[in-house]
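Just below is one structure, and these are the notes that go with it.
Remember, it's 1-based here, ligands and their atoms both numbered in the order they're listed. Because only heavy atoms are used, hydrogens play no part in the values below, and waters and symmetry mates are left out as well, while side chains stay in.
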Amino acid sequence: MMASSDDYSTSVPSHTKAWFYSEHGMPENVLKVHPNWPIPELKEDQVLIKVVAASLNPVDNKRMTDFYKDIYNPDPHLPIVPGFDVAGIVVKLGGEVTKFKVGDEVYGDINEEGIENLKSLGTLSEYTIAEERLLAHKPPNLTFVEAASFPAAVETAYEGLDRAHFSAGKSILVLGGAGGVGTQVIQLAKHVYGASRIAATCSTGKLEFLRKLGVDFPIDYTKQNFEELSEKFDLVYDTVGETERALKAVKEGGKAVTIVPPGVPPAIFFVLTSKGSILDELRPFFESGKVKPILDPLTPVPFSQVIQAFSYVQTAKATGKVVVYPI
Ligand code: NDP
């Protein structure tokens, strides 16, 4: 039976069960379950969310393995509950929240800046906290697992296309077409922006998957160097970290975007700014099914197997998103 709004507001806990790490390292060495992580007081613009599903991102692994030690040394956030993406139910509101009410089904990426000012309480937890501007109402046609797969990946895809001023009739090459971000770049380029032609790189076994996703020209990177092709593109969107090669595949007057540091000018490098408004803007495409959640076969991963899930994401072999559910 569905709980009513009142049920949620009267059963708000002060502590939560969560995965956490208190030192940097590989997931299998540092991740542990905390039975009683204290939930911080809500700020005026924040909501408390009962987490139902959470998806994993490579940024979680990078943070865990101390990839950002040049930015944080020592890391002020430790101990850390990992997890950026969430889908769940609002159980408590900060005093200034107007967009949501208790009982609403929401989703989003809870870290506004991709690598700075990150939250210590992430989404691999039974409860988490986010500012209302980072969240959107979950479209009813999406399950919690599907909704949790979208935020960071689709918002990154969108921000890159937007920064490059991508538009109808242009061609695009997506490096890393089968990943969490790449699969969304392909779908947005095709269905939201009206790309004239889409090429994307992947390994041999994923060529057919990319064709079905809408790619006109899947390129097997184990057999072909994309920058040696005679065909050039209006935009090359690099999700792998091959920017110098990407620049060689750009048409005269075209652009390259990369999301993997350091990025090489004139390629545009950016770090995602999480915004619930992007999810709201894309909602019609999620509702019509034109832009689909892409779930790795490992999904859903039970909460007890979060370590295995992070180890898998670390291999950079996931197809679409790995989502932890139920939480
Ligand atoms: P994923 O873990 O989802 O990517 C996995 C995919 O990468 C696999 O399907 C794999 O396909 C593909 N892949 C691996 N190597 C290659 C290669 N040489 N050529 C083509 N495809 C390859 O990662 P995400 O998509 O979530 O993220 C991609 C990168 O972008 C990460 O480094 C991440 O940290 C970064 N990122 C940066 C953001 C920013 O704001 N700057 C935001 C989000 C992500 P196959 O098995 O066929 O090799």
Fill in the blank from the handout: Output for ligand 1, non-hydrogen cut-off under 4.0 Å, lists P58, K62, T156, G176, A178, G179, G180, V181, T201, C202, S203, K206, Y221, T239, V240, E242, I259, V260, F270, V271, L272, A316, K317, A318
Should the pair [X]-[Y] be classified as a salt bridge under the 4.0 Å nitrogen-to-oxygen rule?
{"X": "E287", "Y": "R283", "value": "yes"}
{"X": "R245", "Y": "E227", "value": "yes"}
{"X": "K321", "Y": "D296", "value": "no"}

Practice task
Using the test side-chain hydrogen bond (donor to acceptor under 3.5 Å, both in side chains), find all partners of Q224 that sit at least two apart in sequence or belong to another chain.
Solution key: none
Problem - Within 45° cone and under 6.0 Å: K50 NZ/CZ vs Y127 ring - result: yes
Handout entry: Qualifying residue, where the test is salt bridge (charged side-chain N to carboxylate O under 4.0 Å, His left out) with K99 and the options are D280, D45, D104
Key = D280
